[in-house]
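Hydrogens, waters and symmetry mates play no part in the numbers below; they use all other heavy atoms, side chains included. Worth saying up front: this structure is predicted, and the values here are computed from it rather than measured.
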Amino acid sequence: MKFLQETLAERVLLKPFIETTSKGGIIIQRDERTQAINTDKGTIYMIGPSAWYDLPQKPPLKPGDKVYYSHYGAKVIKVDDEFFIICNDRDILLAYEDEAINE
């Protein structure tokens, strides 16, 4: 399936962060849908053409960037055995790099 970027409008399409193994090496048994619903981290897959149109300057985000998002405002969809998140541009809270995260 091919996503049409112009139909996203002010929304952003994300690939949710799904863990299969914990940091300690333990295999996580939760199914991917449950993890996709319960996460608040993801990678930008596609940005709609009207995203952040009302800001004086758009944030310097691009596909491939890792972000935190408000998962309560997001919609989880499954396409060809992959999960995606659709959220509004304002639901993107913060971009990050792996080295900066200390959980």
Side-chain angles (χ1 to χ4, degrees):
M1 177 181 288
K2 180 180 177 187
F3 296 116
L4 303 176
Q5 183 176 13
E6 56 274 1
T7 62
L8 277 174
E10 73 281 351
R11 290 176 289 278
V12 179
L13 185 66
L14 306 168
K15 288 283 296 165
F17 178 67
I18 297 174
E19 291 181 301
T20 55
T21 307
S22 72
K23 292 178 183 177
I26 298 170
I27 296 174
I28 298 173
Q29 293 295 323
R30 290 182 297 186
D31 66 13
E32 289 184 1
R33 178 163 175 73
T34 301
Q35 288 189 57
I37 290 169
N38 292 322
T39 189
D40 61 353
K41 295 188 285 188
T43 303
I44 294 177
Y45 187 80
M46 188 181 292
I47 299 173
S50 301
W52 300 288
Y53 71 93
D54 56 344
L55 294 180
Q57 183 177 353
K58 289 186 176 190
L61 296 173
K62 62 190 179 312
D65 286 348
K66 296 176 183 177
V67 294
Y68 279 96
Y69 62 92
S70 175
H71 74 272
Y72 291 112
K75 169 76 175 157
V76 177
I77 61 173
K78 184 176 182 180
V79 178
D80 300 332
D81 295 327
E82 287 188 275
F83 289 96
F84 292 91
I85 302 290
I86 301 172
C87 67
N88 289 322
D89 54 1
R90 294 293 183 148
D91 290 330
I92 303 294
L93 304 174
L94 175 70
Y96 72 92
E97 296 177 4
D98 287 326
E99 297 81 29
I101 302 298
N102 294 319
E103 293 183 21

Worksheet item: Does NZ or CZ of K15 come closer than 6.0 Å to the centre of the six-membered ring of F84, within 45° of the ring's axis?
Response: yes
Worksheet item: If only atom types and distance count, is the side chain of W52 paired as donor or acceptor with the main-chain N or O of D89 below 3.5 Å?
Response: yes
Response to the item:
Taken in chain and number order and not counting sequence neighbours, the residues that satisfy side-chain contact (heavy atoms from CB on, under 4.5 Å) with A9 are R11
Worksheet item: At what distance, to the nearest 0.5 angstrom, does OH of Y72 lie from CG of D40?
Response: 9.0 Å
Worksheet item: When rounded to the nearest 0.5 angstrom, what distance separates SG in C87 from CD1 in I92?
Response: 3.5 Å
Worksheet item: Taking atom CD1 of I86 and atom CE of M46, what is their separation to the nearest 0.5 Å?
Response: 10.5 Å
Worksheet, complete the sentence: Tightest non-hydrogen contact, residues T39 and P16, listed as CG2-CB, 3.8 Å
Discussion item. Strictly distance-based, threshold 3.5 Å: is any side-chain N or O of Q5 a donor or acceptor partner for the main-chain N or O of I47?
Written reply: yes
Worksheet item: For Y53, does the OH atom have more than 12 heavy-atom neighbours from other residues, nucleotides or ligands under 6.0 Å away?
Response: no
Worksheet entry | Nearest heavy atoms of T43 and K66, plus distance in Å | OG1-CG, 4.1 Å
Worksheet item: In terms of hydrophobic clusters joined by side-chain contacts under 4.5 Å, are F17 and I44 together?
Response: no
Worksheet item: Linking I/L/V/M/F/W/Y whenever any side-chain heavy atoms sit under 4.5 Å apart, do L4 and I77 land together?
Response: no
Worksheet, complete the sentence: Smallest heavy-atom separation, Y69 atom then A74 atom, equals CE1-CB, 4.1 Å
Worksheet item: Roughly how far, to the nearest 0.5 Å, is CG of L8 from CD of E6?
Response: 9.0 Å
Fill in: Side chain proximity check, I18 to E82, heavy atoms < 4.5 angstrom
no
Worksheet entry | Nearest atoms (heavy-atom pairs only) where A95 meets V67 | CA-CG1, 3.9 Å
